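None of the values given here were measured: they were computed from a predicted structure.
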Amino acid sequence: MLVIGFPDDDPNQDEVLWQTDRDSIAHVERRTFTKVGVEAVITFTDGSWFRVAPPEASDHWEVVRHLAYASELVAPEALTAGQKGTVATFAAERPSFRTVVTRRPSGNFAIEVTSASVPDPREGSDPRLRLMGPDGEHVNFEPGDL
């Protein structure tokens with residue numbers, strides 16, 4: 001986990017504020033009852049913790065999604081033919097800088113397409129998300145998928 005800052009709100013001049021290995025995170029709990037809409041409390045294996053919130057209200061904050069649930073990255077060559085087709089179609093529907101596929105706790109696969117190579121310091125990376133099943137078919141979200 002890496003926390004960066006942007007001096008003078010310049011996304012070309014990021015600086016590392018703090019970092020730790022993913023293994024030092026014991027638990028991440030989403031909090032949806034806050035003014036922001038979604039926040040998280042991250043608890044570490046040494047018992048310390050901190051609260052994080054997105055730059056603006058968001059029900060599906062990708063940082064919390066990846067920390068709260070063990071996202072398993074799926075290599076493109078590990079996808080089925082149907083999944084590869086779905087990923088290609090989804091990525092082609094919008095200008096994309098990066099496409100990432102993860103296996104969610106439900107067993108479904110999430111496709112995330114990020115449109116900007118440099119995140120906006122106030123709004124983040126603005127990813128688009130779609131869920132698919134083992135053959136690339138559309139599936140509904142299940143608990144833990146977001």
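Scanning all heavy atoms of the two residues, the minimum distance from Gly136 to Gln83 falls at N-CG, 3.6 Å. Taking each heavy atom of Val139 and Met132 in turn, the nearest pair found is CG2-C, 3.6 Å. Nearest heavy-atom pair, Arg130 versus His138, reported as atom, atom and distance to 0.1 Å: NH2-CB, 3.9 Å. Taking both residues in full, the closest heavy atoms of Ser24 and Asp21 are given as OG-O, 2.8 Å, listed atom of the first, atom of the second, then distance. Across all their heavy atoms, Arg104 and Leu131 have their closest contact at CG-CD1, 4.1 Å. Shown here for Glu15 and Pro7, the closest heavy-atom pair between the two residues is OE1-CG, 3.0 Å.
With Glu77 contributing its side chain and Ala75 its backbone, the two residues share no donor-acceptor pair below 3.5 Å. A donor-acceptor pair under 3.5 Å is formed between the side chain of Asp46 and the backbone N or O of Ser48.
Within the 4.5 Å cutoff, no side-chain heavy atoms of Thr80 are placed close to those of Phe109.
Taken from OG1 in Thr89 to CD1 in Ile111, the straight-line distance is 9.0 Å, to the nearest 0.5 Å. Between the CD1 atom in Ile4 and the CD atom in Gln19 there is a gap of 11.5 Å [rounded to 0.5 Å]. Between atom CG of residue Leu79 and atom CG of residue Asp135 there is a gap of 12.0 Å, rounded to the nearest 0.5 Å.
Residues satisfying the side chain to side chain contact (heavy atoms under 4.5 Å, CB included) criterion with Val3, sequence neighbours excluded, are Met1, Leu17, Trp18.
Following chains of ILVMFWY side-chain contacts shorter than 4.5 Å, one can reach Phe50 starting from Ile25, so the two form part of one hydrophobic cluster.
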